[in-house]
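Below you'll find the structure, written out as structure tokens, and then a few comments.
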Amino acid sequence: MKFKLKYSEKVKVIYTLYPVISIVIALAILSLVIYIIGVDPIKALYYLYFGMMGNYNYVSETLIRATPILLVSLGLAIAFTAKVWNIGAEGQLYMGGLIAAIVALNSGGLPSAIAIPLIWICAGLAGAAWAFIPAILKAKYEINEIFTTIMMNYIAIYFTSYMLHGPLRDPVSHFPETPTIPENTWLPRIIPQYRFHAGSLFSLVVLVPLVYIMLSRSTLGFKLKLVGSSRESARYYGVDVEKSIIYAMLLSGFFAGLAGANEVTGVVFKMRPEISPGYGFTGIAVALLGRLNAFGVMLASIFMGGLINGSYTMHRMAQVPVGVAYFVQGLLIILVVAGEYILKRIMLVKGVSVR
Amino acid sequence: MVHLESSKDYVVVMKGITKVYPGGVVANRNIDFDLKRGEIHALLGENGAGKTTLMKILAGCLLPDKGEIYVKGERVKFRSPVDAIKKGIGMVHQHFTLIPSFTVAENIILGGIGGKREGIKLDMKAIEEEIAEFAKKHGLPINPKARIEELPVGLKQRVEILRLLYRKADILILDEPTSVLTPLEVKELFEALKRMASEGKSIVFVTHKLDEALSISDRITVLRKGEVVARIDNPKSISKEKLAELVVGRKIVYKAVKTKTLYDKTTPLMEIRNLKVLDDRGVLAVRNLNLTLYPGEILGLAGVEGNGQRELVEAITGLRRVEEGEIVILGKKVTNKPPKYIIELGVSYIPEDRTGRGVALELSVAENLIAKVHDKTPFSRRGILNLKSIYSFAKEAIEKFNIVTPSVKTPTMYLSGGNIQRLILARELSFKPKIIIAEQPTAGLDVAATEFIHKLLIDFRNSGCGILLISADIDEILKLSDRVAVIYGGRIVKVYDEVSRIDLIELSKYMLGVKTE
């Protein structure tokens, strides 16, 4: 009996620490791969760490890189709580970015305090509108949202590309991109000499706690949790399941749209075809790694931002391909999804409760 | 004691059987059990006493952790049900294992037809004739060409038994065989069992019903909490009260007192008129159904499973679309209104599917308790949950309804079935319901929990609530109801206004559709 208690306690500790454990396992596998391609893994990992947070500038860059991922994954945490599988954050981000650029280019003369919130809200609404199509298909006709959202990504990305090659193209640029947006629409920087901007600060300090409260303390969050746990029970409890699915999808689209606005107004200052190197997909891994908890998602997105930046440093200094960031990301999805499922099974059989 | 295992009279001897499930539940603790040739031996006990576990071990479905089994004088170790059937042991499980789209004959020969006929070609015609003959010989006549899904439950059970006999089983285990049958079918089953016993078959009759054990068995073994508490060699010598005490282990404390007729026919709580509802396949399951529920009554809905009960309940609670007709609750038309509207009128619903519908398993006990009222004060204000009042309400409910849980925050999936049902009751009965729809409220629960629920339902009836009780257990319907309505083929075929005057055989005939008004 005593042994059993200890065993179950152990499983509980493993479950709590599992996101960290899966990161360690992923990095271990990464080291092995680096070793196989003929690079000293210790050296490579050192540069990876250095590129993440070797000095204040790298920290600032990591936070900037983490912000669009954070925004996307906060939204996905909301959708995934209701078990609405929005894989379309990438497309929603592009639509957000496109609308952000259009509004910014036409906001000449507006004071920053009005222009920037206006741009962000319009971008969020654009992302939500893009998510509304799969949402309504899912809620009314039970069409699998995974397929529709994936396909909507392509439509958004190629539509953006068309707009940038055509109507929105900067006539003086050699690239298919919009003109630079006016300076009154640029996000202000917070610390002199560092690029860390108001969009990052706002996301970390305001949006993270807001989403946390929404998911754990609000009636809306409660409804989403109910729908996610069991649609059948939710219906029986009097929850409007269709409406909840639509809300979950719209909110996650809104946040993905904000991520687009963040890149346009805080980092690139124009809209480009390669505005996102897959933040919409990285957000999926981050939302799961952060266990759909806003603060967990925050830590996971900072880690992932750092990993992307660190992989560039690793590439420059140790000649390891840049793709390793996405390699680790893929490993993490598998480790987190499979590992947590297995641990939950073990805990269910052994009757340990986790919360 | 003589060595039973080598005696010719004893076909089964189990010694010191112990079975521990993962998670540490001891289902069987050092159990001795024996079965004589040609006897009907009742294995009596509450739900959860370990009866099914013990019999699954005998039938080769489970491996014991300790203990020895002797069959016809020979020590055996079964690795699968196939090993057991080779020794002549077969079990009819509570949930049937027939293939619905196959015919009776096809299901019976699934285990093989044996001998030289096991070739490439299957001569179904010859086999069907043979099976018809075989069934008749055993006093269990059946049409071998009928498809299983078209058969009533009683006949499905008959096919299960025939299948075992066809595979030459002479030791039959029947797990709660009467739980799905009408009184008429029970009578038929008992006659068939007695006949088989007189022909030399040995039968284990697993049940939790005292009357059945007393009326049919030659001997009774009583299990309680995984242990043998009594062996009764002569059931005629024991009174029902004494036996009840052995089964439960204590005197039952809850006593439900039903006051005299309360209901008043002038002000109906709920009226259902010409209701038509489709089932999941799009076939009419409720056809022109009319039913009225009055305040202060328990209206029992008797019927064989699958005659439209589920669709009727879902239509009332707003979970299923109504095609035609109307439902009026407290003077308001609720046809095709959302579930929330109906909940807020004061309609409580205790669903049959407790884990799939009655609770959200991933959510905590407290969350499930307030799920229907989470958007009302004091549980939330302006869209923000008030955790303090949620937890204090949950703690009160846990105490009042004896829900055993480590804490209010424990995910509901870690609760036992009985405690999940208590949780559902706590939620459905805590907010002053006017109508209670109780669907199989005590299925699978032990005697104490059943009595607890019966008392609650009667108390609510006494205080003016209208209760629609849907139950497969006729005894429960007769015990609790003020009126009984019989449903068959999606219609109410008979309403009894006086429960004491019900003729059980007539009731069965209505339930089986043999008789209509």
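Quick note on labels: first sequence line is chain A, next is B, and so on, each numbered from 1.
With chain A as partner, the option from Arg382(B), Glu344(B), His374(B) having the largest number of non-hydrogen pairs under 4.5 angstrom is His374(B). Interface remark: of the candidates Gly356(B), Gly318(B), Ser407(B), Gly356(B) forms the most heavy-atom pairs closer than 4.5 Å to chain A. Here Ile343(B) is the residue among Ile343(B), Val373(B), Leu361(B) with the most heavy-atom pairs under 4.5 Å with chain A. Ranking Asp353(B), Thr317(B), Leu385(B), Asp375(B) against chain A, the residue ahead of the rest is Leu385(B), based on heavy-atom pairs under 4.5 Å.
Annotation: Arg231(A), atom CZ; neighbour count of heavy atoms from other residues, nucleotides and ligands within 6.0 Å is above 12. The environment of OH in Tyr341(B) is crowded: more than 12 heavy-atom neighbours from other residues, nucleotides or ligands sit within 6.0 Å. Taking a 6.0 Å sphere around CD of Glu305(B), one finds it holds 12 or fewer heavy atoms contributed by other residues, nucleotides or ligands. More than 12 heavy atoms of other residues, nucleotides or ligands sit less than 6.0 Å from atom NZ of Lys340(B). Annotation for Lys376(B): atom NZ counts as buried by contact number, over 12 foreign heavy atoms lying within 6.0 Å. Residue-environment remark: CZ (Phe431(B)) exceeds the threshold of 12 foreign heavy atoms within 6.0 Å. Annotation: Phe303(A), atom CZ; neighbour count of heavy atoms from other residues, nucleotides and ligands within 6.0 Å is above 12. Lys56(B) NZ: 12 or fewer foreign heavy atoms inside a 6.0 Å radius.
One distance of note links OG of Ser230(A) with CG of Leu363(B); it measures 9.5 Å at 0.5 Å rounding.
Using non-hydrogen atoms only and a strict 4.5 Å limit, no part of residues 282-297 of chain A faces chain B. Residues of residues 205-218 of chain A placed with any heavy atom under 4.5 Å of a heavy atom in chain B are listed by number as Ile213(A), Ser216(A), Arg217(A), Ser218(A).
Side chains of Leu226(A) and Glu367(B) form no contact here, defined as non-hydrogen atoms less than 4.5 Å apart.
Of the atoms belonging to Val359(B), heavy atoms from both backbone and side chain fall under 4.5 Å from chain A. With a 4.5 angstrom heavy-atom cutoff, Tyr349(B) touches chain A via backbone and side-chain atoms both. Residue Ser380(B) touches chain A through its side chain alone, counting heavy-atom pairs closer than 4.5 Å. With a 4.5 Å cut-off on non-hydrogen atoms, Leu387(B) touches chain A through its side chain but not through its backbone.
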Listing, residues 237-246 of chain A side-chain donor-acceptor contacts under 3.5 Å, not counting sequence neighbours, or none:
{"from": "Tyr237(A)", "atom 1": "OH", "to": "Gly358(B)", "atom 2": "O", "distance (Å)": "3.2"}
{"from": "Tyr237(A)", "atom 1": "OH", "to": "Asn368(B)", "atom 2": "OD1", "distance (Å)": "2.6"}
{"from": "Tyr237(A)", "atom 1": "OH", "to": "Arg427(B)", "atom 2": "NH1", "distance (Å)": "2.7"}
{"from": "Asp240(A)", "atom 1": "OD1", "to": "Glu242(A)", "atom 2": "N", "distance (Å)": "3.4"}
{"from": "Asp240(A)", "atom 1": "OD1", "to": "Lys243(A)", "atom 2": "N", "distance (Å)": "3.2"}
{"from": "Ser244(A)", "atom 1": "OG", "to": "Asp240(A)", "atom 2": "O", "distance (Å)": "2.9"}

* Steps toward side chain to side chain contact (heavy atoms under 4.5 Å, CB included) verdict (Thr219(A), Ile384(B)) -> CA-CA 6 Å; Thr219(A) 53; Ile384(B) 296 295; over 6 Å; no

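Pro351(B) and Tyr236(A) get closest at one heavy-atom pair: CD-OH, 3.3 Å. Heavy-atom minimum distance, Ser229(A) versus Glu362(B): OG-N, 3.4 Å.
Listed by chain and number, the residues in a side-chain contact (heavy atoms from CB on, under 4.5 Å) with Pro339(B) are Leu319(B) (sequence neighbours excluded).
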